[in-house]
A.B. asks: 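The structure's right below; bear with me while I get my questions together.
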Amino acid sequence: MSVKDTRHQTSGLARLRSSTGGELLAEFLGTAVLILLGCGSVAVALAGLPGSGRQMDAFGPGNWLIIALGWGLAVTFAVYVAGGVSGAHINPAVTLAFAVRRQFPWVKVLPYWLAQVLGAFAGAAIVYWVYSDAINAFNAAEGFADKADSVPSFSIFATFPAEYFGGGVWGPLFDQIVGTAILVLAIAALIDSRNQAPQSNFGPWAIGFVVVAIGLSFGTNAGYAINPARDFGPRLLAFFAGWGDAALPGNGEWFSNYWWIPIAGPLIGGVVGILVYDLFIGQVLKAREMLPGEVEAPPPGRVPEPTDETETRKSAE
C-alpha cells in the first residue's frame with residue numbers, strides 16, 4: 001500500500017470517527033461496559049459467590065444490594081466512558097426522549113439504537129464467556145439439566161416479571177413505564193444547567209445513584225430493565241446460548257411472550273418522563289429566563305420580584 005493510500009485510509013477513518021460514526025462507537029462501547037458490569041454483578045450474586053467457596057452463608061435479600069449497587073456503578077462508569085463523545089445515552093429510551101424533546105436529531109435515533117443493542121449483546125457475550133463455568137455449576141446444583149428450564153440463571157442476562165403478577169401484562173408494563181419515567185425525568189434534571197445540575201463532572205455518579213434508587217424502590221416487580229437495549233441485547237445472547245423459549249419469546253412457568261414488555265414499557269416511560277419534567281420544571285425555568293426586565297433568573301424557591309415593566313402593564317390593565 002502506498003503512502004498516499006495509507007493517508008487516504010487514515011483520513012477516512014478520522015472523518016468517520018469525528019462524525020456520527022464516532023458517536024456510534026461510543027454508544028456501542030458505553031453500552032457494552034454497562035452490561036459487563038451490570039450483568040456481571042447479577043452473575044456474582046446468583047452463581048459466582050455461592051459456587052466459588054467465598055460465601056459461607058447465603059446472603060438472601062442482601063444479594064439484591066449487590067445487584068442494585070452493581071447496576072448503579074455500571075451506569076456511572078458507562079457514562080464516563082461514552083459521555084464526552086455521544087452524550088452516553090446507552091439506552092434507547094433516553095435517545096427517543098431527547099428526540100421527542102427536539103434536542104437530538106431523529107435521523108440518528110435508529111443508528112444509536114442499533115449501536116446500543118449490539119453493544120449490549122457484546123457485553124453479555126463476554127459475561128457469559130467469563131461466567132459459563134459458574135452458571136453450569138449453579139444449574140447442576142439446582143437440578144436444572146437444561147438451561148432452557150433455568151429461569152434463575154437466565155436472569156443474569158434479561159428480565160422477567162414477578163410471580164404475583166400471575167402472567168398479566170399490565171402490571172409489568174406499568175412498572176417499566178414508571179421506572180423509566182423516573183430515570184429519564186431525573187436525567188433531565190441532572191443535566192439541566194438552569195436547574196441544580198451537579199458540578200465538577202459528578203453527573204455520572206448522580207445518574208448511577210438514580211439507578212440504584214430505582215432498583216431498591218421498583219426493582220423486584222420486573223427486574224427494572226428500564227432500558228430496551230439492556231434487556232434485548234443480552235436476551236438475544238441468552239437465546240443463542242441455550243436458554244431457548246425463556247429468552248425468546250420469553251416464556252416461563254408464570255409468564256409468556258414477555259420479550260416486548262421491557263422494550264415498549266421503557267420507550268413509553270422515557271417519553272413520559274421527559275414530558276413531565278419539561279411541563280413541571282423545564283417550562284418554569286424557561287419562563288423565568290424570559291422575564292422582562294430581569295437581569296438574571298431568580299434563585300430556586302423565590303417568587304420573581306415584579307419589575308417596573310410588569311407594574312406598568314398591570315396599571316394599564
A.B. asks: Do the rings of Phe202 and Trp205 sit parallel, tilted or perpendicular, given the 30° and 60° boundaries?
C.D. replies: parallel
A.B. asks: Apply salt bridge (Lys or Arg N to Asp or Glu O under 4.0 Å) to Asp278 and list each qualifying residue two or more places apart in sequence or on a separate chain.
C.D. replies: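 Here the qualifying residues are Arg101.
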A.B. asks: Are any side-chain N or O atoms of Asn195 and backbone N or O atoms of Ala189, one a donor and one an acceptor, separated by less than 3.5 Å?
C.D. replies: no
A.B. asks: For residues Pro172 and Tyr258, determine if any side-chain heavy atom of one lies less than 4.5 Å from a side-chain heavy atom of the other.
C.D. replies: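 With C-beta onward as the side chain, the pair touches.
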A.B. asks: Under 3.5 Å, which donor-acceptor pairs link side chains of residues 176-186 to any protein atom two or more places apart or in another chain?
C.D. replies:
from: Gln176; atom 1: OE1; to: Ile226; atom 2: N; distance (Å): 3.0
from: Thr180; atom 1: OG1; to: Gln176; atom 2: O; distance (Å): 2.7

A.B. asks: Are the side chains of Leu73 and Leu37 in contact, using a 4.5 Å heavy-atom criterion?
C.D. replies: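 Not touching, per the 4.5 Å side-chain cut-off.
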A.B. asks: Are Phe104 and Tyr277 in one and the same hydrophobic cluster, where Ile, Leu, Val, Met, Phe, Trp and Tyr link if side-chain heavy atoms are under 4.5 Å apart?
C.D. replies: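 Yes.
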A.B. asks: Under the salt bridge (Lys or Arg N to Asp or Glu O under 4.0 Å) test, which residues partner Asp245, sequence neighbours left out?
C.D. replies: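 Expected list: none.
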A.B. asks: Do Arg230 and Ile35 have side chains that approach each other closer than 4.5 Å (heavy atoms only, starting at C-beta)?
C.D. replies: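 Yes, close enough: below the 4.5 Å cut-off.
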A.B. asks: Within the 4.5 Å heavy-atom criterion, are Leu267 and Val271 side-chain neighbours or not?
C.D. replies: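 Not in contact.
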A.B. asks: What residue among Thr159, Asp175, Val211 forms side chain to side chain contact (heavy atoms under 4.5 Å, CB included) with Tyr224?
C.D. replies: Val211
A.B. asks: Can you classify the ring geometry of Phe121 versus Phe240 as parallel (below 30°), tilted (30 to 60°) or perpendicular (above 60°)?
C.D. replies: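 Perpendicular.
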A.B. asks: Parallel under 30°, tilted from 30 to 60°, perpendicular over 60°: which one fits the rings of Tyr112 and His89?
C.D. replies: tilted
